[in-house]
Amino acid sequence: MMIRPAGEQDIAALHSLVESAYRGDSAKRGWTHEADLLGGQRTDLAALQEMMADENQVILLAMDGPDIAGCVQLMHVSEGLAYLGLLTVDPDRQAGGLGKKLLDGSEHYVVENWQARAIEMTVIRQRGDLIAYYERRGYALTGERRPFPLDDPRYGLPKTQELEFVVLRKEIRAG
């Protein structure tokens with residue numbers, strides 16, 4: 001499976017992948033969905049275009065031939081620190097190691113391109129299985145919590161008002 005940066009030509013297929021993995025009935029085929037916590041959209045075409053246009057962000061795609069099998073968003077936050085978000089694997093391809101490959105590729109990318117020494121992410125606190133998955137891959141809860149934007153439809157429509165993010169962090173180094 002090849003990992004490469006997304007381009008403008010990938011936006012429609014990328015959007016379809018993200019929506020299918022995070023929301024609605026199609027997402028429930030996989031184990032990493034948010035469909036029980038949030039309705040509505042996960043992202044939109046304009047948000048994906050903004051990410052790609054930002055010189056401090058990249059979306060990496062895992063390609064299975066001509067098909068996008070997964071993706072991850074990376075952001076250069078500050079000297080030595082990167083942010084990882086939007087880790088997505090096609091629901092029919094989950095539990096096959098692709099998420100781990102995307103995480104490994106992400107860590108390599110931020111070290112090589114941004115000289116990052118640490119990578120952070122936010123995960124909805126109520127997603128215990130997903131937090132445990134990241135912990136098994138070396139990410140640790142920092143104790144920091146951040147509010148979930150409950151009133152911003154760009155993030156979806158909350159099915160509970162109790163949502164909040166926890167921050168996970170992993171120290172990484174070259175080599």
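Only heavy atoms go into these numbers, but all of them, side chains included; no hydrogens, no water, no symmetry mates.
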Would you say that [X] contacts [Y] through its side chain, given a criterion of any heavy-atom pair below 4.5 Å between the two side chains?
X	Y	result
Y134	L87	yes
V123	Y133	no
V72	L86	no
V58	M51	no
Q57	M52	no
L141	E135	yes
L130	I124	no

Practice prompt. Run through L102, D104, L61 and flag the one making a side chain to side chain contact (heavy atoms under 4.5 Å, CB included) with I3.
Written response: L102
Worksheet, complete the sentence: With Y139 as partner, the option from E171, E120, R169, K170 fulfilling side chain to side chain contact (heavy atoms under 4.5 Å, CB included) is K170
Might you point out which heavy atoms bring [X] and [Y] nearest each other, and give the distance in Å?
X	Y	answer
P5	D10	O-OD2, 4.4 Å
V89	Q94	O-NE2, 2.9 Å
A62	L98	CB-CD1, 3.7 Å
L14	C71	CD1-SG, 3.5 Å
F148	P158	CE2-CG, 4.4 Å
D54	N56	OD1-N, 2.8 Å

Discussion item. Other residues, nucleotides and ligands only: do more than 12 of their heavy atoms fall within 6.0 Å of CD on Q9?
Written reply: yes
Worksheet item: With a cut-off of 6.0 Å (strictly less than), are more than 12 heavy atoms of other residues, nucleotides or ligands near NZ of K101?
Response: no
About how many Å separate [atom2] of [Y] and [atom1] of [X], when rounded to the nearest 0.5 Å?
X	Y	atom1	atom2	answer
L17	S20	CG	OG	5.0 Å
L45	E50	CG	CD	11.5 Å
I172	H108	CD1	NE2	11.0 Å

Worksheet item: Salt bridge between E107 and K100, side-chain N to carboxylate O under 4.0 Å?
Response: no
Worksheet item: Below 4.0 angstrom, N of the basic side chain to O of the carboxylate: do E164 and R145 qualify?
Response: yes
Using a 3.5 Å distance criterion without hydrogens, assess whether the side chain of [X] forms a donor-acceptor pair with backbone atoms of [Y].
X	Y	result
D64	D67	no
T142	V167	yes
N113	V110	no
H15	L48	no

Worksheet, complete the sentence: Sorted by chain and number, sequence neighbours left out, side chain to side chain donor-acceptor pair (under 3.5 Å) with D151 holds for none
Fill in: Side-chain H-bond candidate by donor/acceptor type, Q126 with E162, under 3.5 Å
no
Discussion item. Can you confirm whether the side chains of E8 and Q49 place a donor and an acceptor under 3.5 Å from each other?
Written reply: yes
Worksheet item: Remaining members of Y83's ILVMFWY cluster at a side-chain heavy-atom cut-off under 4.5 Å?
Response: M75, V77, L81
Practice prompt. Starting from the C-alpha separation in whole Å, work towards a yes-or-no answer on side chain to side chain contact (heavy atoms under 4.5 Å, CB included) for I68 and T88.
Written response: CA-CA 10 Å; I68 301 174; T88 307; over 6 Å; no
Fill in: Partners passing ring pair (Phe, Tyr, Trp, His ring centres under 6.0 Å) against H76 (at least two apart in sequence or in another chain)
W114
